[in-house]
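Data first, discussion second: the structure below is written as structure tokens.
Any value given below was found using the heavy atoms of this structure, including those in side chains, with hydrogens, waters and symmetry copies removed. Residue numbering restarts at 1 for every chain, and letters A, B, ... go by the order of the sequence lines.
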Amino acid sequence: VTLRSEIHAVIDDVAVANPINRAQVLAVAAAERKAERGRGARSSTGRIRGFFSLGLRRSAPIAFALIVLLLLGTVLVGGRLLRERESRGSQPAGIDQHVLDVLRARPVVLPFSETSGQCPGGFTGTIIHDGGTDSWLGTGPVYLNGGTAYVSGVIPVESMVTTGSGRYFAATLIVNPSVSGPVLVRGLDTISRAPLVFAGAYGAGASVGTDDLAGHAVQLFGQMAFDASVSAPQRVAGSTYDPEGTAGWGVWPFHLGARAGFSNCFGIQIDGISFSEIITGYGVPSWAG
Amino acid sequence: VQQVVADRSLLADARDGSERAFESLLAPLIEPGYRLACGMLHDGHAANDAVQEAALKAWRKLGQLQSAEKARSWFLGIVANECRNARRLKWNTGVTVGLPALHERSHEERVLSGTDIGRALAQLKHEDRAVVILFFYLDLPLEEVASVTGSSVAAARARLYRAIRKLRPDLEIEEALQ
């Protein structure tokens with residue numbers, strides 16, 4: 001037995017047992033390249049402008065007819081698009097919708113339990129930020145932190161609010177600086193399977209109503225989405241829980257809402273271009289936790 | 001010679017935006033990249049993620065690739081960097097919110113602790129472990145190991161010898177290199 005063969009044996013245990021899907025890696029990378037190219041193409045309008053100016057010089061009547069047709073098309077199609085937009089709900093500005101749709105197509109694979117008493121998923125913490133606890137929930141590259149530790153308020157509501165419709169937890173997603181592109185968040189009560197709702201600037205998907213959070217009228221959405229490539233509202237300056245002393249993590253605030261009858265067990269699935277992460281937990285009022 | 005010319009043409013086409021050329025360039029590197037990541041992270045899922053991220057970054061950094069002949073060491077270098085990032089993310093696995101933070105061993109640490117060589121590998125510094133895996137597992141010559149790690153051949157050799165002494169203090173270097 002040589003050192004070389006020992007090293008081969010210990011790594012083969014992982015590499016050979018779980019072979020990589022080369023085609024999938026290439027396909028995902030190709031999708032990302034396409035998305036990036038799309039973003040680039042939208043910002044370069046020079047060639048388009050050049051094409052139209054050339055056409056107008058050569059054939060004004062045809063150009064005029066095209067404009068008329070375009071106007072008609074706008075009237076006819078615009079109404080339908082508006083109706084579709086209303087049915088699809090909020091589409092956050094600046095997010096690549098193609099990539100977001102790809103993320104939405106991924107199935108939600110949260111763990112469930114038919115019986116209350118123990119939340120599926122193995123975590124038993126509370127998402128309430130209660131008196132300075134700075135633990136982050138998750139396995140990365142996105143972590144969930146309860147409360148308003150880093151947030152001065154998209155919605156200026158502290159910790160938790162209970163209304164006639166449900167319960168809302170102030171929360172933050174803390175995102176590793178290496179993450180780029182659209183990030184989609186969906187959530188469910190992992191006992192009742194009732195969908196969770198998201199309030200705040202990053203609500204996405206279908207609007208599912210409104211509520212009053214301590215005097216602040218908010219719109220509720222079935223999803224949350226943001227683009228990690230753009231600057232986060234806030235960044236972590238550093239954390240005593242981070243042995244690497246990493247700073248610069250993006251902080252994205254929101255309110256996670258659960259309907260009345262919430263089992264206290266929640267799960268959220270966070271999908272990005274190159275990762276999919278599940279965070280489960282136990283959300284209870286701070287006085288009960 | 002024909003192969004070299006074809007590779008250069010492939011790189012030129014990839015830089016010009018050819019999807020097919022880029023994938024032809026990258027496809028044979030996925031497997032060695034994954035094997036490196038498995039050695040670095042000892043977690044198939046994490047290794048997969050690291051290679052996936054590296055594949056995206058490879059496209060963005062295509063301009064930095066000097067020649068097609070250096071594609072393997074270039075891509076493995078990107079994978080190694082992704083593995084370093086992935087290890088940084090592992091520190092907080094399993095911590096529950098609302099409770100005092102507990103230090104839990106990462107998955108890779110738990111798996112590796114099952115064997116002596118695995119434990120010893122896990123305790124190596126990132127750069128040392130990379131050199132060991134590139135040399136012993138991917139069977140790269142020291143010149144290419146140096147290229148991947150961005151160091152001189154002498155530095156890569158010194159790093160390899162130091163790592164061998166940590167992995168197998170009882171072995172002579174010559175014996176370990178067999």
Point-to-point distance, once rounded to the nearest 0.5 Å, from [atom1] of [X] to [atom2] of [Y]:
| X | Y | atom1 | atom2 | value |
| --- | --- | --- | --- | --- |
| A:R22 | B:I30 | CZ | CD1 | 8.0 Å |
| B:L167 | A:E6 | CG | CD | 9.0 Å |
| B:I117 | A:S5 | CD1 | OG | 9.5 Å |
| B:R35 | A:I11 | CZ | CD1 | 9.0 Å |
| A:I20 | B:C38 | CD1 | SG | 7.5 Å |
| B:F136 | A:H8 | CZ | NE2 | 9.5 Å |

Less than 4.5 Å to any heavy atom of chain A: does that hold for the side chain of [X], its backbone, both, or neither?
| X | value |
| --- | --- |
| B:I133 | side chain |
| B:F135 | both |
| B:A47 | neither |

For A:D13, is there any backbone N or O sitting under 3.5 Å from a side-chain donor or acceptor partner on B:H42?
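It does not hold such a pair.
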
Donor-acceptor pair, distance only, cut-off 3.5 Å: does the side chain of B:R168 make one with the backbone of A:L3?
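The answer is no, because no donor-acceptor pair under 3.5 Å joins these two groups.
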
Go through the steps for A:V14 and B:L41 under the test side chain to side chain contact (heavy atoms under 4.5 Å, CB included), then give the verdict.
CA-CA 10 Å; A:V14 178; B:L41 302 169; over 6 Å; no

Have A:S274 and B:Q52 got a donor and an acceptor in their side chains that come within less than 3.5 Å?
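No.
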
Might you point out which heavy atoms bring [X] and [Y] nearest each other, and give the distance in Å?
| X | Y | result |
| --- | --- | --- |
| B:G118 | A:V10 | CA-CG2, 4.0 Å |
| B:E19 | A:A30 | OE1-CB, 4.1 Å |
| A:V25 | B:A55 | CG1-CB, 4.0 Å |

Does B:K125 have more than 12 heavy atoms from other residues, nucleotides or ligands lying within 6.0 Å of its NZ?
no

Compare all side-chain heavy atoms of B:E175 with those of A:T2 and state whether any distance is below 4.5 angstrom.
no

Please report the C-alpha distance between B:R60 and A:S180 in whole Å, then the side-chain angles of each, then the deciding distance to 0.1 Å, and finally whether the side chain to side chain contact (heavy atoms under 4.5 Å, CB included) criterion is met.
CA-CA 13 Å; B:R60 293 178 190 140; A:S180 62; 3.7 Å; yes

Verify side chain to side chain contact (heavy atoms under 4.5 Å, CB included) between A:N18 and B:Y34, making sure each step is shown before the conclusion.
CA-CA 10 Å; A:N18 310 286; B:Y34 178 63; 3.6 Å; yes

